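Written below as structure tokens is the structure these notes are about.
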Amino acid sequence: RQLVEVMASGEKPIEDWRIGTEHEKFGFRLDDLRPPTFEGERGIEALLKGLTRFGWAPYEEHGHVIALTKDMASVTLEPAGQLELSGAPLETIHQTCCEVESHLAEVRQVADPLGIGFLGMGFQPKWKREEMPWMPKGRYAIMRAYMPKKGKLGLDMMTRTCTVQVNLDYSSEADMVKKFRVGLALQPIATALFADSPFTEGQPNGYQSFRSQVWSDTDPDRTGMLGFVFDVTDWRNAEEALRASEAYLAEAQRLSHTGSWAFDVPSNRYVYTSEESDRMFGFDPQGEPPTSEAVFERIHPEDRSMLRS
């Protein structure tokens, strides 16, 4: 129930929908191409502290700066120091593009004097798993011990992959389900279009997207294609039951000469009227909901004062 409540709390009207993107990249030292450690004058923490000149507020864990926040965006670290921009909720993809470009410009201004570069690829192309540093975040220590129990490539997922992710709003459970289903269906196409991980430890690995292969052996309890998402039997049964219920209600209203309607007070208009209600008031059941003025004209003159009040 708590999980359902969390999902339901995210429902928003269409006018409040936003786009949120997450952008990850590998850091590397320009002199030896190795990933930067967390500590040190040329480390990841030094980079984060340098970004505070642009208005980012540091977030600490056990005395270490492990993230930055500004407005509704944040800069965070993946397990091996991959730098991630968790963007703010924005209205258009153009705003998202500007946000990423601004972030990369800030990172360059801080990283260049430190001798650090950044690379946007799906999988670390050169260094072995054991050569990757670990960031001092408590939950990563837990995941580091847990992942080898579930798959062979979980630690590679943590330390040697990067991605770009998108977050979308939804208006209802049904809308969320449709977007989730479409997203999963498009995932193989997006993987093919943006495949960018053909190298492992300096050699071709035989894949266009080794990153997607990593996820196939990470944790079967949490990854992979979800077959039930595309099984629409329950959904169709629910739709049929809803249609049957609506038909029973319409027949009951016809026999009893009663109707139902929904009125939106702020806009002063009817947003729904049942077929029997339309028939009783002399409106076309197949037409648009009547205006409040049209309904008022059909009220008996002696009853209009009660409707006005």
Side-chain angles (χ1 to χ4, degrees), residues 1-22 89-93 96 163-194 212 215-216 219-292 294-295 298:
R1 179 180 176 82
Q2 290 179 335
L3 181 59
V4 172
E5 290 175 348
V6 170
M7 299 297 292
S9 68
E11 296 177 359
K12 298 179 182 178
I14 294 178
E15 57 268 23
D16 291 338
W17 284 2
R18 297 293 184 268
I19 303 168
T21 52
E22 302 174 32
L90 301 173
E91 295 184 10
T92 70
I93 194 171
T96 292
T163 189
V164 174
Q165 301 172 140
V166 61
N167 303 282
L168 304 174
D169 284 320
Y170 49 88
S171 60
S172 64
E173 179 181 4
D175 182 47
M176 182 271 291
V177 169
K178 289 180 180 179
K179 287 176 177 174
F180 187 47
R181 182 175 290 134
V182 171
L184 281 183
L186 291 176
Q187 183 177 350
I189 299 175
T191 298
L193 284 173
F194 301 104
S212 61
W215 280 99
S216 69
D219 184 350
D221 295 332
R222 300 190 301 162
T223 64
M225 297 299 286
L226 304 175
F228 70 85
V229 174
F230 301 102
D231 183 358
V232 297
T233 302
D234 292 341
W235 181 36
R236 288 176 177 170
N237 289 341
E239 284 190 330
E240 291 176 2
L242 178 60
R243 282 194 292 267
S245 177
E246 291 174 341
Y248 294 147
L249 176 61
E251 180 66 8
Q253 290 185 348
R254 187 186 68 81
L255 294 174
S256 62
H257 295 293
T258 56
S260 57
W261 46 266
F263 185 77
D264 182 63
V265 175
S267 62
N268 192 36
R269 67 186 182 92
Y270 289 87
V271 294
Y272 163 78
T273 53
S274 67
E275 290 188 8
E276 187 60 22
S277 177
D278 286 334
R279 281 191 287 265
M280 289 190 297
F281 279 87
F283 298 118
D284 180 8
Q286 305 303 319
E288 293 293 322
T291 63
S292 57
V295 172
R298 286 164 170 76

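Count residues from 1 along the sequence. In this text, all values refer to a predicted model and were calculated from it rather than measured experimentally. These numbers come from the heavy atoms of this one structure, side chains and all, not from hydrogens, waters or symmetry mates.
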- Query: CD of Glu5: more than 12 outside heavy atoms within 6.0 angstrom?
  - Reply: yes
- Any chance you could measure Thr191, atom OG1, to Trp215, atom CH2, to the nearest 0.5 Å? 12.0 Å
- What's the spacing between Tyr270 OH and Phe283 CZ if we round to 0.5 Å? 8.5 Å
- The complete set of salt bridge (charged side-chain N to carboxylate O under 4.0 Å, His left out) pairs with one or both residues in residues 254-263, sequence neighbours excluded, reads Glu251-Arg254
- Trp261 and Phe263 aromatic ring geometry - parallel, tilted or perpendicular at 30°/60° bounds: perpendicular
- Mind checking the CG-CG spacing from Leu242 to Asn237? Nearest 0.5 Å is all I need. 12.5 Å
- After noting the C-alpha distance and the side-chain angles of Asn167 and Glu22, does the key distance pass the side-chain contact (heavy atoms from CB on, under 4.5 Å) rule? CA-CA 8 Å; Asn167 303 282; Glu22 302 174 32; 3.1 Å; yes
- Task: State the CE-CG distance between Met176 and Leu168, to the nearest 0.5 angstrom.
- Result: 12.5 Å
- Message: Using only atom types and a distance under 3.5 Å, with no angle test, would you say the side chain of Ser274 pairs donor to acceptor with the backbone of Ser260?
- Response: yes
- Message: Restricting to salt bridge (charged side-chain N to carboxylate O under 4.0 Å, His left out), what partner residues turn up for Lys178, sequence neighbours left out?
- Response: none
- Task: Please lay out, stage by stage, how Tyr170 and Glu11 fare under the test side-chain contact (heavy atoms from CB on, under 4.5 Å).
- Result: CA-CA 6 Å; Tyr170 49 88; Glu11 296 177 359; 4.0 Å; yes
- Note on the structure: d(Leu249 CG, Gln253 CD) to nearest 0.5 Å is 4.5 Å
- Query: Under 6.0 Å from the OH atom of Tyr272, do we count more than 12 heavy atoms belonging to anything else shown?
  - Reply: yes
- Query: With Trp17, which residues qualify under ring pair (Phe, Tyr, Trp, His ring centres under 6.0 Å), at least two apart?
  - Reply: none
- Pro285 to Asp278 - nearest heavy-atom pair and separation: CA-OD2, 3.5 Å
- Task: Kindly check if the number of other-residue, nucleotide or ligand heavy atoms within 6.0 Å of CG (Leu184) is above 12?
- Result: yes
- Item | Basic-acidic side-chain contact under 4.0 Å: Arg243, Glu246 | no
- Item | Residue pair Val295 / Pro290: nearest heavy atoms and the distance that separates them | CG2-CG, 3.8 Å
- Message: Tell me whether Asp169 contacts the main-chain N or O of Arg18 through its side chain, where contact means a donor paired with an acceptor under 3.5 Å.
- Response: yes
- Task: Nearest 0.5 Å please: distance from the OG atom of Ser212 over to the CD atom of Gln187.
- Result: 8.5 Å
- Item | Flag, side chain of Ser245 to backbone of Ala241, donor-acceptor distance under 3.5 Å | no
- Item | CD (Glu15) with more than 12 external heavy atoms under 6.0 Å | yes
